[in-house]
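What follows is one structure encoded as structure tokens, with my remarks underneath.
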Amino acid sequence: MTDRLLTEQTAQLAGPRLKILVEQDLRDFRSFMRNKGKSPHKGEGLAKLTTENYLSRFDQLLRAAWVLEGEKTYPITHEVADRLEEALQQDQIVRSNDEHYSQSSKRKFQNTLEKYFEYRSDNGGGSWTPTYQFEESASRETDYFRRDERPKLREAALEIDQLPHYSSVDPTERDRIKQYLAQKTGLPKEEITRDVWNAHRESLKIPSLVFTALDAALRPIEVEESTTDWMRLDAREIHIPKDESAKGRENWKVALTAATTRINKRWLKQRSSLPKYDGRDEIWLNRQANPYTSKTLNDLLDRLLQETDIRTDNRDLTWYSIRHSTGTYMTEEEGLGQASDQLRHKSINTTKRYDHSSVEARSSTLEDL
């Protein structure tokens with residue numbers, strides 16, 4: 001797990017002295033969540049991603065508290081927690097674009113405060129009881145990619161950033177593409193040689209990532225933490241070790257299609273020749289040589305969707321929509337057992353959320369009627 005406990009914005013606001021105090025407390029808070037944050041009495045910890053989400057929301061709450069209080073005090077007290085909750089209720093705490101938080105988001109902030117005071121209580125402090133009840137809006141079925149949209153995502157992955165042959169464009173077009181590659185790679189434009197051009201023209205990184213995600217229903221945290229030793233391509237599998245799985249419970253063997261396997265074999269060969277990956281074991285790095293995160297994966301998905309005719313209006317399509325799609329159709333085609341194994345669920349009850357009829361299946365039934 002990363003040792004970065006505060007965003008740069010919060011760290012600068014805290015200053016070097018207070019930052020030391022806050023980071024030590026958050027380090028202990030993180031340890032509490034990972035070791036027993038799910039059930040302190042049973043010693044059951046929270047998943048890594050859940051822990052990071054709590055820390056991210058706490059970072060936002062901390063900045064909001066300092067604004068509300070007009071001073072940088074720490075730790076957050078019960079009185080400050082009450083004022084934060086009231087500020088959420090009255091929409092005094094808003095998003096960076098000044099939009100109000102949804103009831104669901106407010107509830108997540110409230111949960112974060114509760115979790116923080118669970119940690120404080122575990123260390124001799126007092127628990128905190130919320131005052132407001134943020135009602136969840138009526139939930140709707142999570143959007144997922146339909147069966148006919150899955151090949152469109154694969155096609156977009158093969159086409160995105162596809163450059164023409166170096167010799168096939170005129171000097172004006174070549175100069176424009178070199179400028180694009182300079183921005184993408186961080187190299188000066190004059191260093192964009194034919195070799196650099198061809199390396200990007202032939203890259204299979206995005207196809208490898210997207211094809212694997214569609215097969216394996218990869219969560220963002222699994223993309224971020226995936227390493228080359230996960231790939232068992234001779235068996236058409238990826239192996240996710242217990243210590244590196246999102247839920248941290250079991251070793252998982254996840255099936256891949258023949259097409260995904262072929263692309264991954266070629267990508268790993270390409271990857272071994274790229275300086276950016278020297279000394280690194282991540283399967284995929286973004287253009288800044290960082291592992292992909294939920295945000296950068298959603299940014300990539302937005303770019304892929306722009307290359308397709310997939311309808312996005314009135315749909316909330318995120319990276320998790322890929323996972324939901326795989327779960328939905330595996331359940332529909334082969335039942336809960338296979339879907340549970342492929343999605344890496346310890347309990348089949350978790351997989352039951354995907355046990356619903358697809359739009360296509362219902363349409364077919366209506367036609368039969």
Side-chain angles (χ1 to χ4, degrees), residues 142-166 168-169 173 176-177 180-181 184 197-220 222-223 226 231 233 236-238 254-271 274 283-287 292 294-330 332-334 339 342-343 354 358-361 363-364:
T142 303
D143 291 316
Y144 60 91
F145 289 104
R146 295 189 292 271
R147 191 186 300 267
D148 65 317
E149 294 172 337
R150 293 170 64 86
K152 293 178 180 179
L153 286 176
R154 291 189 177 93
E155 291 168 11
L158 292 169
E159 293 296 327
I160 194 170
D161 288 343
Q162 183 73 18
L163 303 179
H165 194 280
Y166 188 88
S168 69
V169 294
E173 178 71 2
R176 184 185 66 80
I177 295 175
Y180 160 75
L181 288 174
K184 182 177 179 178
W197 180 299
N198 287 337
H200 286 271
R201 180 172 185 265
E202 299 165 2
S203 174
L204 286 171
K205 180 186 73 173
I206 299 304
S208 167
L209 172 54
V210 174
F211 277 53
T212 304
L214 282 162
D215 284 4
L218 292 179
R219 303 174 176 94
E222 290 171 332
V223 174
S226 61
M231 292 287 190
L233 299 181
R236 283 174 42 178
E237 296 173 348
I238 58 174
V254 185
L256 299 176
T257 62
T260 299
T261 300
R262 286 194 298 271
I263 286 176
N264 278 330
K265 284 181 177 179
R266 292 182 61 186
W267 162 238
L268 291 181
K269 186 175 180 180
Q270 284 184 356
R271 181 191 172 283
L274 299 176
I283 301 175
W284 306 286
L285 295 174
N286 64 20
R287 65 181 60 176
Y292 281 88
S294 181
K295 181 183 184 305
T296 52
L297 287 171
N298 284 323
D299 289 343
L300 170 60
L301 180 62
D302 288 342
R303 292 175 56 218
L304 290 168
L305 290 172
Q306 291 172 16
E307 300 291 323
T308 74
D309 61 357
I310 293 174
R311 296 289 299 272
T312 60
D313 47 309
N314 297 318
R315 298 173 75 190
D316 182 20
L317 294 172
T318 68
W319 191 262
Y320 266 101
S321 299
I322 295 176
R323 179 174 173 81
H324 194 130
S325 173
T326 302
T328 295
Y329 292 113
M330 284 206 75
E332 186 173 279
E333 292 292 327
E334 300 296 338
Q342 188 72 356
L343 270 66
Y354 301 100
S358 64
V359 174
E360 300 97 319
S363 295
S364 178

Exercise. Is there a side-chain hydrogen bond (donor to acceptor under 3.5 Å, both in side chains) between Ser208 and Trp284 once you walk through the steps?
Worked result: CA-CA 9 Å; Ser208 167; Trp284 306 286; 3.0 Å; yes
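Of the inter-residue distances, the one linking Leu304 atom CG with Ile310 atom CD1 reads 8.5 Å to the nearest 0.5 angstrom. Atom CG of Leu343 sits about 8.0 Å away from atom CE of Met330, to the nearest 0.5 Å. In this structure, CZ in Phe145 is found 5.5 Å from CD1 in Ile322, a value given to the nearest 0.5 Å. Atom CZ of residue Arg303 and atom CD1 of residue Ile160 lie 4.0 Å apart, to the nearest 0.5 angstrom. To the nearest 0.5 Å, atom CG of residue Leu297 and atom OH of residue Tyr320 are 10.5 Å apart. Residue Asn264 holds its CG atom at 10.0 Å from CZ of Phe211, rounded to the nearest 0.5 Å.
The list of salt bridge (charged side-chain N to carboxylate O under 4.0 Å, His left out) pairs with a residue in residues 254-264, not counting sequence neighbours, is empty.
Under the salt bridge (charged side-chain N to carboxylate O under 4.0 Å, His left out) criterion, Glu307 pairs with no residue at all, not counting sequence neighbours. For the salt bridge (charged side-chain N to carboxylate O under 4.0 Å, His left out) test, residues two or more places apart in sequence or in another chain that qualify with Lys152 are Asp309. For Thr261, the side-chain contact (heavy atoms from CB on, under 4.5 Å) partners two or more places apart in sequence, or in a different chain, are Leu233, Arg236, Leu256, Lys265. Asp299 pairs by the salt bridge (charged side-chain N to carboxylate O under 4.0 Å, His left out) definition with Lys295, not counting sequence neighbours. Under the salt bridge (charged side-chain N to carboxylate O under 4.0 Å, His left out) criterion, Arg271 pairs with no residue at all, not counting sequence neighbours.
When all heavy atoms of Ser321 and Asp316 are compared, the pair lying nearest together is OG-O, 3.7 Å. The minimum heavy-atom distance between Leu204 and Gln270, with the atom names listed, is N-OE1, 2.9 Å. Between Ala157 and Pro207, the closest heavy-atom pair is O-CG, 3.3 Å.
Proximity of Lys205 to Leu274: side-chain heavy atoms (C-beta onward) are nowhere separated by under 4.5 Å. Leu153 is listed as a side-chain neighbour of Leu305, based on a closest heavy-atom distance under 4.5 Å. Between Leu209 and Leu300 there is a side-chain heavy-atom pair separated by less than 4.5 Å. Side-chain contact between Trp267 and Ile283 is present, with heavy atoms from C-beta onward closer than 4.5 Å. Looking at heavy atoms from C-beta onward, Arg323 lies out of side-chain contact with Leu218 at the 4.5 angstrom threshold. Side chains of Arg146 and Tyr329 form a contact here, defined as non-hydrogen atoms less than 4.5 Å apart.
Between Tyr144 and His324, the angle of the ring planes stays under 30°, which puts this pair in the parallel group of the 30/60° scheme.
Salt bridge annotation for Asp215-Arg150: absent, with no cationic side-chain nitrogen under 4.0 angstrom from a carboxylate oxygen.
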